[in-house]
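Okay, so here's the structure we're looking at.
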Amino acid sequence: MSTTFARRSAVALTALFVMGCTSDTPAGESIAGADLQPPRLTTTQLADPNGVIVTVNSMGADGSVPLDMLQEVARQHAVVTYVDPFSKLTVVKGLTNEAALRKIGSIDQVMPNLEFRLDTDQSAAHFFSVDPRQQNLPLVRASNAWATPHNGANVNVCIIDSGIDDTHPDLAGRVSKAINLVNTTAANADGNGHGTHVASTVVSNGIGMASVAPDASLMNARTFDNAGGGATANVVLSAIRWCGREGAHVINMSLGFGAGVPLTSANQPLIAAFQAAINEVRLGTDPANSGSGGTVVVASAGNSNLRFPSTRAVVVPGGLTGVITVGSTSRSSNVRSVFSNRGTFVDMYAPGSNILAVCSTFTTNCLGGTIRRLPGTTTNTGRYMEISGTSMAAPHVAGVAAIAFSRLGTTRTPSLGERVENCLLNISRITGQVPQLPDPASARVDALLAATSPSC
């Protein structure tokens with residue numbers, strides 16, 4: 001991998017996850033104050049009610065689990081509740097003796113099955129008059145990039161989130177592939193709204209709002225339920241590999257695990273499992289499982305107003321090698337949002353405060369915010385909302401990555417993916433060491449430079 005990511009130390013590769021919408025202060029800006037660190041988590045806080053992830057050395061293509069493992073699970077009166085043959089991954093609930101299971105010859109790793117959540121503050125959601133040139137888009141010069149031939153055509157952006165409502169007029173016909181990994185409802189039935197908002201920041205039909213890469217296509221990997229829960233680690237791992245296997249050029253993960261994954265020995269195998277999945281989709285280390293590689297992975301930095309790397313925790317996926325990590329600024333200036341995590345693990349910033357995007361037809365309250373409806377629509381259709389978070393910042397960068405792919409090529413290879421990653425990092429440096437941003441290595445993403453700069 002390029003030395004671009006060399007600053008990610010080995011220590012920085014060992015912490016964990018949460019999805020992020022959050023509140024913003026009226027001022028929406030702050031870079032002063034205490035240098036906060038992630039809290040120390042207690043044993044009680046680390047308790048895992050979701051069973052454990054068990055990876056095996058081999059598994060049948062039909063998902064058949066090794067017999068010696070099944071015998072030990074049955075002996076403990078436990079049950080296998082999830083099987084992913086592509087990842088050779090299972091979830092087992094009800095174990096009374098994990099140590100005995102670890103001794104089984106077919107077992108590779110036993111690890112905690114942590115749960116991700118959408119961290120949405122309903123009080124922050126509100127609506128402002130529809131403007132096809134939303135303030136956040138000129139800030140990243142997306143509106144300038146639209147005048148070039150490079151607007152994301154033939155590029156697939158996979159959204160790992162709560163689903164994408166493609167029945168909304170601004171998203172109709174924009175989702176090319178979909179999977180529901182969390183329940184049996186339709187993948188587009190986004191009753192939470194977070195995923196639809198994130199997706200429409202990347203791509204829209206330009207009816208009631210504009211988007212960063214209007215010609216790109218969306219892939220919908222639904223991993224969160226309507227309450228913003230349900231995305232246990234095993235589901236997110238499966239989603240990453242599904243995106244890669246199904247042809248994603250870009251993956252957007254606006255998610256995480258609170259104030260980071262604690263740096264404990266118990267969590268090391270899980271952190272390593274996420275790093276392995278990211279390596280597979282980026283570098284093509286397992287083509288049968290996750291495609292040929294060349295996928296660019298973008299993730300939110302988190303909303304805890306903490307500085308990373310830390311000796312206590314690491315942000316996952318944002319703190320892992322090869323991930324483009326995005327912090328949040330005001331929607332109209334280069335001032336860091338008060339909630340945004342910061343530190344050298346942040347690669348670049350994008351607008352994340354009070355971002356206008358689509359409100360899902362399947363949610364009744366648009367995350368608690370006041371809504372606006374397109375003329376001629378009724379009930380829950382044709383609505384838009386404003387919410388804040390590093391979750392809202394990340395899809396700006398995913399959209400700019402789509403612009404870079406449409407310029408540099410759309411046949412995925414690890415070398416092309418690395419070139420797009422370096423393009424994003426190089427143009428954020430060209431944008432300048434913005435004085436208002438707190439991290440000297442971080443600056444603002446720029447869509448026009450992705451479409452035109454020789455640095456790409």
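- With sequence neighbours excluded, no residue satisfies ring-ring contact (aromatic ring centres under 6.0 Å, His included) with His396.
- Glu418 has no carboxylate O lying under 4.0 Å from a charged side-chain N of Arg282, or vice versa, which leaves the two without a salt bridge.
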Sequence neighbours left out, cut at 3.5 Å: what donor-acceptor pairs do the side chains of residues 235-243 make with other protein atoms?
unit_1, atom_1, unit_2, atom_2, d
Ser238, OG, Tyr82, OH, 2.7
Ser238, OG, Asp84, OD2, 2.7
Ser238, OG, Asn234, O, 3.1
Arg241, NE, Glu280, OE1, 2.7
Arg241, NH1, Ser87, OG, 3.0
Arg241, NH2, Glu280, OE2, 3.2

Next on the checklist: I'd like to know whether His168 forms a ring-ring contact (aromatic ring centres under 6.0 Å, His included) with Tyr384, so could you lay out the CA-CA distance, the side-chain angles of the two residues, the decisive distance to 0.1 Å, and finally the verdict.
Outcome noted: CA-CA 10 Å; His168 189 285; Tyr384 301 83; 5.1 Å; yes
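- Summarising the geometry of Phe405 relative to Val155, their closest heavy-atom pair is CB-CG2, 3.7 Å, with the distance given to 0.1 Å.
- The shortest side-chain heavy-atom distance between Ile179 and Arg222 does not fall under the 4.5 Å cut-off.
- Two residues are said to be in side-chain contact when any heavy atoms from C-beta on lie closer than 4.5 Å; Asp161 and Thr223 fail this criterion.
- For the pair His194 and Ser391, the tightest heavy-atom approach, listed with the atom from each and the gap, is NE2-OG, 3.0 Å.
- Cation-pi geometry between Arg342 and Phe308 is not met: the NZ or CZ atom fails to fall both under 6.0 Å from the ring centre and inside 45° of the normal.
- Among all heavy-atom pairs drawn from Ser428 and Ala443, the shortest one is O-CB, 2.8 Å.
- Contact annotation: the side chain of Phe274 approaches that of Leu320 to within less than 4.5 Å [non-hydrogen atoms, C-beta and beyond].
- Rounding to the nearest 0.5 angstrom, the gap separating the CG atom in Asn205 from the CG atom in Asp170 is 5.5 Å.
- Remark: Arg141 pairs with Asp446 by the side-chain hydrogen bond (donor to acceptor under 3.5 Å, both in side chains) rule, at least two apart or across chains.
- Of all the heavy atoms in Thr452 and Thr148, the pair that sits closest is CG2-CG2, 4.1 Å.
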